[in-house]
Amino acid sequence: MDVLNMKDPAFLKDLDDKQLSGVAEDIRGFLIDKLSVTGGHLGPNLGVVELTLVLHQLYNSPKDKFLFDVGHQSYVHKILTGRAGQFDTLRQHKGLCGFPKRSESIHDAWETGHSSTSLSGAMGMTLARDLKGTDEHIIPIIGDGALTGGMALEALNHIGHEQRDMTVILNDNEMSIAPNVGALHNMLGRMRTAGKYQKAKDDLEMLIKKVPAFGGRLAASAERVKDSLKYLLVSGMFFEELGFTYLGPVDGHDIADLKSNIRYAKKTKGPIIIHVVTKKGKGYAPAENDAKGTWHGLGPYKIESGEVVKKPGPPSYSGVFAETMKTMARNDKRIVAVTPAMPNGSGLDKFALEFPERMFDVGIAEQHATTMSAGLATQGMKPVLAIYSTFLQRGYDQLVHDVCRQNLNVVFAIDRAGLVGADGETHQGVFDISYMRHLPNIKLMAPKDENEFQHMLYTAVQYDDGPIAVRYPRGGGLGVTMDETLHSLPIGKWETETEGKDAAILAFGTMIPVARQAAELLAKKGIKAEVVNARSLKPLDGDKLEALADKQIPILTLEEHALLGGFGSSILEYFHENAYHSVVVERMGIPDWYIEHGGVPDLLEEIGLTAENAARTVQNMVPIKQQRA
Ligand SMILES: Cc1ncc(C[n+]2csc(CCOP(=O)(O)OP(=O)(O)O)c2C)c(N)n1
Ligand SMILES: CC(=O)[C@@H](O)[C@H](O)COP(=O)(O)O
Ligand SMILES: [Mg+2]
């Protein structure tokens with residue numbers, strides 16, 4: 001069937017299982033073809049083809065609500081709801097979003113990107129349904145990785161308590177991005193191998209009914225037998241004990257098995273959880289045999305060989321992070337690395353090859369990762385928490401309450417700080433300066449390139465007076481020469497790259513090249529603009545700021561971060577608090593809206609965070625006569 005003709009999922013209602021299998025094959029071929037060009041989350045989506053087809057056949061979206069947890073596995077859903085034709089623009093500027101997007105389709109009931117929100121969203125929708133007296137089905141689809149997120153467990157607790165009708169689909173493929181971790185993962189493994197609990201329970205009931213009744217005695221003991229059967233058959237009937245009817249394990253690629261269990265769930269009252277076992281990457285050997293997680297989310301690849309197309313370029317910040325961590329850990333036994341389910345993305349998978357006993361992947365558990373790091377620090381260890389800027393948002397109170405307030409020596413390696421591009425709104429790392437700099441005790445730095453990064457990381461690990469964070473971008477550095485030996489940098493001291501008598505541009509991280517280019521453009525107009533590497537975001541370099549204020553020259557701040565509460569705001573605050581009321585400051589950064597998906601250069605252009613705009617802004621701040629001087 002031509003995937004491009006799938007405009008409304010209703011077409012599935014008339015198909016038999018064989019035809020559905022045919023559609024599954026067409027969709028798999030489409031995904032493999034399209035994503036070989038655009039990149040994207042191929043593995044997760046190949047794993048949910050049959051599941052998504054059966055869900056759309058047996059339920060009635062958009063009346064019935066699907067909530068895809070994390071949402072990276074919603075491509076099949078998007079194909080079935082009329083968006084196949086947009087896949088050439090997947091995750092590109094103004095193109096198809098890689099996650100559910102309510103503005104894209106009425107079938108996208110819930111927007112995701114961060115993990116473990118689907119069950120809470122579903123509970124809210126369920127309460128609303130019951131209060132309104134409507135009868136739609138609410139179906140969250142959550143992966144085994146997302147289930148390790150604290151929010152998911154909070155929601156399970158409440159859903160089981162409320163006992164309202166909801167069908168949770170647990171998509172268990174034994175993988176998070178990397179192989180899944182944790183006791184829940186181990187329990188699911190036992191459930192997978194224990195075999196069909198539901199069938200055994202029904203068989204037992206049938207058997208008991210055949211035995212000549214000894215009145216209530218047998219029936220009562222039968223209940224006890226049945227309950228002990230549960231523990232016998234499937235270790236830790238975790239879900240049943242939480243008030244769910246547990247169905248499974250169900251073969252997530254067997255359409256008939258899926259349908260019979262979902263039909264059973266549809267007529268069963270109260271919360272149901274269907275434990276669906278799938279294979280990530282199903283149907284495409286390189287992805288199906290991926291033990292590491294490479295095919296979870298990737299760039300373009302060659303279909304025939306499965307070779308991922310590597311873009312040449314300077315070392316990635318994550319790569320420099322891994323190497324620097326190894327160098328430091330060899331001489332510093334205090335160092336312990338922590339990641340909340342991002343070993344590959346953070347580079348800690350490489351660190352773990354040399355120091356397996358000093359790297360802890362805690363699952364999708366940023367709150368736990370942050371406070372566990374605090375616990376490590378109380379005992380004299382030097383925890384380095386590698387965490388994406390956007391995901392540290394999940395550990396905010398732990399940062400405030402457990403780390404900063406106790407002034408503990410935790411190092412935050414904040415990766416993906418700034419615009420990340422293809423993952424869009426939910427993943428842009430553009431709020432961390434705002435949510436960190438106002439916290440007492442924390443120090444916050446950002447390197448201008450990968451060489452300064454290694455020294456900054458070393459500085460942070462050597463620092464023993466409380467929490468300290470280094471924020472750095474996704475992707476490669478500038479291709480600068482890397483020093484052989486590590487040295488400390490002065491915290492709270494900026495670096496003046498070029499002097500200037502007419503104006504000053506204060507920038508850090510990825511905005512340094514922009515500031516340099518702007519200064520070159522200004523020089524052509526006779527304006528000498530100073531470029532300052534404001535690499536210490538907290539504390540600021542007060543001496544430098546006062547020297548600039550005394551020069552009475554206009555100042556432009558540049559940041560790939562939210563303007564509100566960001567670096568520029570801190571400069572305004574500084575001049576105000578120190579009674580420098582005549583200094584002229586303009587700020588450029590991320591405006592007060594969520595930045596969608598797209599290539600980072602396109603996004604920077606769209607919001608005007610460019611060298612040309614920076615030069616124009618400075619030029620407008622310098623008196624004309626000075627420009628002629
Ligand atoms: C709060 C949060 N932390 C980390 C991530 C990064 N992340 C995206 S998908 C994923 C693994 C999800 O595993 P699972 O739910 O099992 O889905 P699968 O990819 O296996 O289908 C992780 C860790 C995220 N999206 N949100
Ligand atoms: C869906 C999700 O949250 C992750 O897969 C994320 O897309 C990884 O981001 P990086 O590609 O920057 O590691
Ligand atoms: Mg999984």
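Taking His107 as the reference, nothing meets the ring pair (Phe, Tyr, Trp, His ring centres under 6.0 Å) condition, with sequence neighbours excluded. The side-chain contact (heavy atoms from CB on, under 4.5 Å) test applied to Thr278 returns Asn171, Asn173, His253, Val276, not counting sequence neighbours. Listed by chain and number, the residues in a side-chain contact (heavy atoms from CB on, under 4.5 Å) with Thr89 are Gln86, Gln92, Leu96 (sequence neighbours excluded). Shown here are the side-chain contact (heavy atoms from CB on, under 4.5 Å) partners of Phe391, two or more places apart in sequence or in another chain: His114, Met342, Glu366, Ile387, Tyr388, His427. For Glu605, the side-chain contact (heavy atoms from CB on, under 4.5 Å) partners are Thr610, not counting sequence neighbours. Every residue two or more places apart in sequence or in another chain that forms a side-chain hydrogen bond (donor to acceptor under 3.5 Å, both in side chains) with Asp165 is listed here: Lys269.
Listed by first and then second residue, the salt bridge (Lys or Arg N to Asp or Glu O under 4.0 Å) pairs involving residues 20-30 are Arg28-Glu50 (not counting sequence neighbours). Listed by first then second residue, pairs satisfying salt bridge (Lys or Arg N to Asp or Glu O under 4.0 Å) with a partner in residues 61-74 read Lys63-Asp135, not counting sequence neighbours. Here ring pair (Phe, Tyr, Trp, His ring centres under 6.0 Å) pairs that include residues 29-54, with residues two or more places apart or in two chains, are Phe30-Phe87, His41-His72, His41-His296. Each ring pair (Phe, Tyr, Trp, His ring centres under 6.0 Å) pair with one or both residues in residues 137-177, not counting sequence neighbours, appears once here: Tyr59-His137. Among residue pairs with one or both ends in residues 98-126, those qualifying as salt bridge (Lys or Arg N to Asp or Glu O under 4.0 Å) are Lys78-Glu104, Arg83-Glu104, Arg83-Asp108, Lys101-Glu111, Lys101-Glu425; sequence neighbours excluded. Applying the salt bridge (Lys or Arg N to Asp or Glu O under 4.0 Å) test to every pair with at least one member in residues 88-98, sequence neighbours left out, gives these pairs: Lys34-Asp88, Arg91-Asp423, Lys94-Glu606.
Ring pair Phe239/Tyr246 is parallel by interplanar angle, where below 30° counts as parallel and above 60° as perpendicular.
Side-chain N or O atoms of Tyr75 include none that pairs as donor or acceptor with a backbone N or O of Leu46 at under 3.5 Å. Checking side-chain atoms of Asn180 against main-chain N and O of Ser176 turns up no donor-acceptor pair under 3.5 Å. Listed for the Gln428 side chain is a donor-acceptor partner under 3.5 Å among the backbone atoms of Ile595.
Partner of Thr52 under the side-chain contact (heavy atoms from CB on, under 4.5 Å) criterion, out of Leu80, Ile79, Ile169, Asn45: Leu80 alone. A side-chain contact (heavy atoms from CB on, under 4.5 Å) with Asp257 is found for one member of Val277, Val250, Ile262, Val54 and no other, namely Val250.
Looking at every heavy atom in both residues, Val49 comes nearest to Leu31 through CG2-CD1, 4.4 Å. When all heavy atoms of Ala365 and Thr148 are compared, the closest pair comes out as CB-O, 4.3 Å. Listed here is the closest heavy atom pair of Ala109 and Met125: O-CE, 3.7 Å. Shown here for Ile142 and Ala152, the closest heavy-atom pair between the two residues is CD1-CB, 3.9 Å. When every heavy atom of Gly243 is checked against every heavy atom of Pro271, the shortest pair comes out as O-CG, 3.5 Å.
A salt bridge links Glu307 with Lys302; the closest basic N to acidic carboxylate O contact falls under 4.0 Å.
Side-chain atoms of Ser318 and Arg416 include a donor-acceptor pair closer than 3.5 Å.
Here the side chains of Trp110 and Pro100 are not in contact, with every heavy-atom distance at 4.5 Å or above. In this structure, Thr426 and Thr390 have side chains that are not in contact, with every pair of non-hydrogen atoms separated by 4.5 Å or more.
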